[in-house]
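What follows is a single structure, written as structure tokens, with notes after it.
The structure displayed is predicted, hence computed values, not measured ones.
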Amino acid sequence: MKGNPRTNMRKMFEKKLGWPYLMPGVYDACTALLAESAGFQITSVSGFCLSYTKLGKADVGLVTLKELSETVSNIAKVSQTPILVDADTGFGNAIGVMRTVEELIDSGAAALFIEDQVAPKKCGHMSGKMVVSSEEFEGKMRAADKVRRELAPDLLLVARSDAKGAVGGSIKDLIERGKRYRDAGADIFFAEALTSADEIEQCGREVGLPLLYNMAGISPRLPLKELADYGVFLVALPALVMQASIRGVMALLQGIREKGEQYIVQFEKELKGHPVDNIQQFVGFSDIRKLEEEFLPSAELLARYESSTSGYNLGAKKE
């Protein structure tokens with residue numbers, strides 16, 4: 001997709017074409033590039049996945065703003081796909097939220113959400129969650145909106161509420177909060193941990209905002225056409241990419257541990273014809289070679305490649 005990713009996502013939101021968009025959770029430049037190559041039009045940086053892949057720990061609010069913004073920046077430098085960023089509880093009070101929004105704008109976020117849980121938060125589909133007062137969170141949303149309007153008007157703000165699944169929570173409380181967050185500047189409402197189609201429909205109808213639906217954990221797997229009818233703009237798939245990666249790596253390591261070099265030989269045979277069969281080509285060494293041919297002195301190129309006695313010599317990609 002050409003153009004500014006943030007502007008592109010705003011257009012996708014306003015034109016209401018192609019809703020809902022499936023949004024895989026990515027956690028580094030590699031997974032973001034894979035999602036872009038597969039044709040996804042929006043991706044999200046999942047806090048759930050970032051916590052485990054970066055820290056090896058559960059999603060309980062341990063990732064720092066610096067770790068998050070660096071990840072977003074690394075992705076935005078190589079991918080043109082708009083990124084929605086999970087900003088947890090905003091890394092502080094309303095004043096902290098203002099810095100968070102500024103940092104994530106600078107990092108390349110096209111959209112972001114903050115949630116109304118008490119910090120340290122928990123994964124939205126776990127029990128034991130608590131939420132702050134709606135008044136406190138309204139202040140956070142108004143602060144985020146102020147920064148957005150000043151620095152990046154195209155940025156989409158998503159208000160996430162965990163009120164239904166929190167201690168003493170209810171669907172009524174969730175919807176009332178959604179209305180207040182809407183009035184505080186949210187573009188999209190993320191009602192977390194819904195458990196039925198009726199609840200999704202009710203949220204969309206009564207809150208009056210497009211929805212982000214998290215198709216994970218305890219929430220039902222519903223047809224996209226049905227979700228579109230409920231006003232769902234985004235369908236988050238936060239952990240599937242990480243789960244697929246873990247499953248594949250575990251199978252590989254167990255196979256090598258049990259069968260040694262026989263498994264390695266078999267694995268490499270199975271890669272024949274797959275894009276990662278030539279992993280050097282896949283990760284872009286030929287692109288580096290092309291840049292070398294354009295910018296390095298001819299004598300240095302000759303010394304580097306014509307006299308090499310071993311190693312892959314991919315050459316530059318042909319136009």
Side-chain angles (χ1 to χ4, degrees), residues 1 3-26 32 35-36 40-47 68-69 71-73 75-76 79-91 94 97-116 124 137-138 140-161 177-192 203-204 207-215 227-228 230-238:
M1 188 183 300
N4 181 284
R6 188 177 296 141
T7 301
N8 289 339
M9 188 168 177
R10 168 65 70 169
K11 290 178 180 177
M12 295 160 74
F13 174 71
E14 292 179 347
K15 290 183 178 180
K16 298 186 177 181
L17 298 176
W19 289 25
Y21 290 93
L22 285 170
M23 187 174 58
V26 300
E36 183 173 81
F40 286 95
Q41 294 176 272
I42 302 172
T43 59
S44 68
V45 172
S46 160
L68 176 61
S69 61
T71 300
V72 175
S73 179
I75 292 172
S79 172
Q80 285 297 299
T81 303
I83 313 162
L84 178 140
V85 181
D86 175 356
D88 283 349
T89 58
F91 300 96
V97 165
M98 295 179 77
R99 182 185 176 224
T100 295
V101 175
E102 182 177 350
E103 288 288 329
L104 294 178
I105 287 172
D106 288 344
S107 298
L112 63 88
F113 71 78
I114 55 175
E115 62 198 66
D116 59 5
F137 193 76
E138 282 180 90
K140 288 187 174 185
M141 286 307 304
R142 288 189 289 105
D145 185 41
K146 175 179 172 61
V147 176
R148 181 259 300 270
R149 286 185 281 107
E150 292 175 352
L151 299 181
D154 283 341
L155 181 80
L156 290 170
L157 288 178
V158 183
R160 167 175 151 176
S161 180
R177 284 171 176 259
K179 293 176 181 178
R180 296 182 69 164
Y181 303 165
R182 174 198 65 200
D183 295 341
D187 300 298
I188 300 162
F189 185 47
F190 178 179
E192 179 62 299
C203 281
V207 173
L209 282 179
L211 301 178
L212 186 159
Y213 178 62
N214 195 9
M215 194 183 286
L227 292 174
Y230 301 147
V232 174
F233 170 48
L234 299 170
V235 177
L237 310 170

Review point. Where do Leu156 and Phe233 land on the side-chain contact (heavy atoms from CB on, under 4.5 Å) test, with the steps shown first?
Key: CA-CA 12 Å; Leu156 290 170; Phe233 170 48; 4.2 Å; yes
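Across all non-hydrogen atoms, the minimal contact from Ile83 to Gly108 is CD1-O, 4.3 Å. Nearest heavy atom pair, residue Met23 against residue Leu212, reads CE-CD1, 4.1 Å. The nearest pair of heavy atoms linking Ala228 to Trp19 is CB-O, 3.8 Å. Looking at every heavy atom in both residues, Ala32 comes nearest to Ile75 through CB-CG2, 3.4 Å. Minimum interatomic distance between Pro82 and Ala110 (heavy atoms only, all atoms of both residues): CB-CB, 3.8 Å. Across Val26 and Ala35, no two heavy atoms sit closer than the pair CG1-CB, 4.1 Å.
With respect to Arg180 and Asp116, no salt bridge is recorded, no charged nitrogen being found less than 4.0 Å from a carboxylate O. Salt bridge status for Asp145 with Arg142: absent, with no side-chain N to carboxylate O gap under 4.0 Å.
Taking the side chain as every heavy atom from C-beta outward, Pro20 and Tyr213 never approach each other to under 4.5 Å. In this structure the side chain of Met141 reaches within 4.5 angstrom of the side chain of Ile114, judged on heavy atoms. By the 4.5 Å heavy-atom criterion applied to side chains, Val158 and Leu112 are not counted as neighbours. Using a 4.5 Å heavy-atom cutoff, the side chains of Gln41 and Met12 are in contact. Within the 4.5 Å cutoff, side-chain heavy atoms of Arg148 are placed close to those of Asp187. Counting heavy atoms from C-beta outward, Arg160 and Asn214 have side chains that stay 4.5 Å or more apart. Counting heavy atoms from C-beta on, the side chains of Leu68 and Asp88 never come closer than 4.5 Å. A heavy-atom distance below 4.5 Å is not found between the side chains of Gln80 and Asn8.
Between the CG atom in Leu237 and the OG atom in Ser44 there is a gap of 8.0 Å [rounded to 0.5 Å]. If you take CZ on Phe137 and OG1 on Thr89, they are separated by 9.0 Å, rounding to the nearest 0.5 Å. Taking CD of Glu102 as the start and CD of Glu150 as the end, the distance is 9.5 Å to the nearest 0.5 Å.
In this view, Phe113 and Phe190 satisfy the ring-ring contact (aromatic ring centres under 6.0 Å, His included) rule, not counting sequence neighbours. Residues forming a side chain to side chain contact (heavy atoms under 4.5 Å, CB included) with Thr100 (at least two apart in sequence, or on another chain): Leu65, Ala87, Phe91, Leu104.
Leu84 pairs in a side-chain contact (heavy atoms from CB on, under 4.5 Å) with only one of the listed residues (Val45, Ile188, Leu234, Thr43), which is Leu234.
For Arg6 (side chain) and Asp154 (main-chain N/O), no donor-acceptor pair under 3.5 Å exists by modelled atom type. The backbone N or O of Ala184 sits nowhere less than 3.5 Å from a side-chain atom of Glu138 that would complete a donor-acceptor pair.
Under a cut-off of 6.0 angstrom, the local environment of NZ in Lys146 is sparse, with at most 12 non-hydrogen atoms contributed by other residues, nucleotides or ligands. More than 12 heavy atoms of other residues, nucleotides or ligands shown are found within 6.0 angstrom of CZ on Arg182.
Residues in residues 11-20 take part in these salt bridge (charged side-chain N to carboxylate O under 4.0 Å, His left out) pairs, two or more places apart or across chains: Arg10-Glu14.
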